[in-house]
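Structure, as structure tokens:
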Amino acid sequence: MNINLVALLAYLAATFLVCGIPFGKIIARAKGVDIQHVGSGNIGTTNVAREIGKGAAALTLLFDAGKGALATGLAGVVFPLCVTGGAPVDPQSPAAGLVGFVMLAAVCGHIFSPFLGFHGGKGIAVGVGSLLGFAWPVGLIELGIFFVIAYATKRVSAGSVTVAGIVGLVLALFYGPNLGQDLIVEAAGLVVVWAHRTNIRKLVRGQEKPFSFHKRGEAPTPDDATVGGAK
């Protein structure tokens with residue numbers, strides 16, 4: 001299989017930029033709120049839900065998951081045409097790892113947004129969206145696991161860290177081992193786990209607050225910094 005490296009790198013760069021668009025911040029700004037300066041300071045769905053409300057949170061989730069799904073779903077169509085020389089990139093193909101790189105670029109673009117000084121969100125929505133665009137059965141399984149754990153613990157972060165940490169394993173169990181793809185997708189999952197490192201410390205200490213909607217406008221607490229120390 002001949003790979004057009006230039007086309008692949010161009011697609012990954014475009015994915016990084018598109019997935020770096022901070023929709024949570026944009027949606028919150030339209031409501032008159034700087035989401036990086038309230039609540040946890042995070043631009044993701046959970047903080048938007050807490051500080052602004054369900055409608056804004058639903059839009060944030062839709063756009064964040066959508067940009068990930070668009071990146072991997074479009075890759076499944078475009079790559080055989082201009083990257084892999086006609087070779088398919090479905091989850092069971094030898095070239096599937098290339099779409100794994102797209103997922104990694106999508107997650108990194110969101111977490112290290114070039115539009116926010118390489119700070120951003122925590123990547124779970126864009127990560128699951130990427131799975132749904134490429135391997136939708138695994139994306140649905142991951143969503144199911146997330147909801148069970150988040151509901152049982154009342155902690156969104158517990159569900160997020162769990163599904164991110166096991167994504168490569170779930171992919172391998174569902175489709176059968178495809179080492180290159182499984183390792184790259186797991187790497188994307190581990191980046192999401194790393195982005196939740198503050199939440200993990202709180203979970204271990206029993207200090208992570210249960211999810212709830214509450215009055216917006218509270219200043220972020222000092223230990224709620226997002227990736228890279230961004231607020």
Side-chain angles (χ1 to χ4, degrees), residues 18-72 103 106-113 115-116 119-133 139-140 142-164 167 188-189 191-200 202-203 208-218 220-221 224-227 230-231:
V18 171
C19 290
I21 299 172
F23 286 110
K25 186 175 179 70
I26 294 169
I27 291 166
R29 180 65 74 182
K31 299 288 187 178
V33 177
D34 185 346
I35 198 63
Q36 290 183 287
H37 289 87
V38 294
S40 69
N42 192 267
I43 65 171
T45 302
T46 302
N47 197 40
V48 172
R50 283 173 167 162
E51 302 302 323
I52 300 177
K54 297 177 182 178
L59 281 176
T60 301
L61 178 61
L62 178 64
F63 280 106
D64 282 349
K67 65 188 181 184
L70 176 65
T72 54
M103 182 176 175
V107 166
C108 287
H110 182 77
I111 294 174
F112 305 104
S113 172
F115 305 107
L116 297 176
H119 304 300
K122 297 186 179 180
I124 191 64
V126 71
V128 173
S130 299
L131 274 177
L132 290 171
L140 292 179
E142 289 275 275
L143 273 176
I145 296 170
F146 167 83
F147 283 121
V148 168
I149 294 175
Y151 179 80
T153 64
K154 302 296 188 293
R155 271 78 177 170
V156 171
S157 58
S160 299
V161 169
T162 301
V163 297
V167 60
V191 173
V192 174
V193 172
W194 175 84
H196 283 80
R197 61 198 183 280
T198 299
N199 302 91
I200 293 171
K202 289 183 178 181
L203 286 167
E208 183 78 331
K209 296 178 181 178
F211 176 78
S212 63
F213 293 99
H214 61 267
K215 184 178 179 180
R216 77 187 189 187
E218 297 176 12
T221 56
D224 275 342
T226 56
V227 175
K231 297 293 187 184

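Contact detail for A195 and I111: the closest heavy-atom pair is CB-CD1, 3.9 Å. The nearest pair of heavy atoms linking P22 to L116 is CB-CD1, 3.6 Å. Here the shortest heavy-atom pairing between V163 and E142 reads O-OE1, 2.6 Å. Nearest heavy-atom pair across S130 and A106 is OG-CB, 3.8 Å. Here the closest non-hydrogen pair linking A28 and I35 is CB-CB, 3.7 Å. A pairwise comparison of heavy atoms in D64 and A125 identifies CB-CB, 3.9 Å as the closest pair.
Judged as a side chain to side chain donor-acceptor pair (under 3.5 Å), not a single pair has a partner in residues 143-155 (not counting sequence neighbours).
Using a 4.5 Å cut-off on side-chain heavy atoms (C-beta onward), I200 and V193 make contact.
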>> Working note: I21 + I26, criterion side chain to side chain contact (heavy atoms under 4.5 Å, CB included); need CA distance, chi angles, decisive distance, verdict.
In response: CA-CA 9 Å; I21 299 172; I26 294 169; 3.9 Å; yes
> Going through the distances and angles, do L132 and V128 end up as a side chain to side chain contact (heavy atoms under 4.5 Å, CB included)?
Replying inline: CA-CA 6 Å; L132 290 171; V128 173; 4.2 Å; yes
> Run the side chain to side chain contact (heavy atoms under 4.5 Å, CB included) check on F23 and K67 step by step: do they pass?
Replying inline: CA-CA 10 Å; F23 286 110; K67 65 188 181 184; 3.9 Å; yes
>> I'd like to know whether K122 forms a side chain to side chain contact (heavy atoms under 4.5 Å, CB included) with T46, so could you lay out the CA-CA distance, the side-chain angles of the two residues, the decisive distance to 0.1 Å, and finally the verdict.
In response: CA-CA 10 Å; K122 297 186 179 180; T46 302; over 6 Å; no
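With hydrogens and angles disregarded, no donor-acceptor distance shorter than 3.5 Å links the side chain of N42 to the backbone of N47. T60 contributes no side-chain N or O that, together with a main-chain N or O of T45, makes up a donor-acceptor pair within less than 3.5 Å.
With rounding to the nearest 0.5 angstrom, the CD1 atom of I52 is 10.0 Å from the CZ atom of R29. The NZ atom of K209 sits 12.5 Å away from the OG atom of S157 when rounded to the nearest 0.5 Å.
Checked against side chain to side chain contact (heavy atoms under 4.5 Å, CB included), S160 has the following partners two or more places apart in sequence or in another chain: I124, F146, V156, H196.
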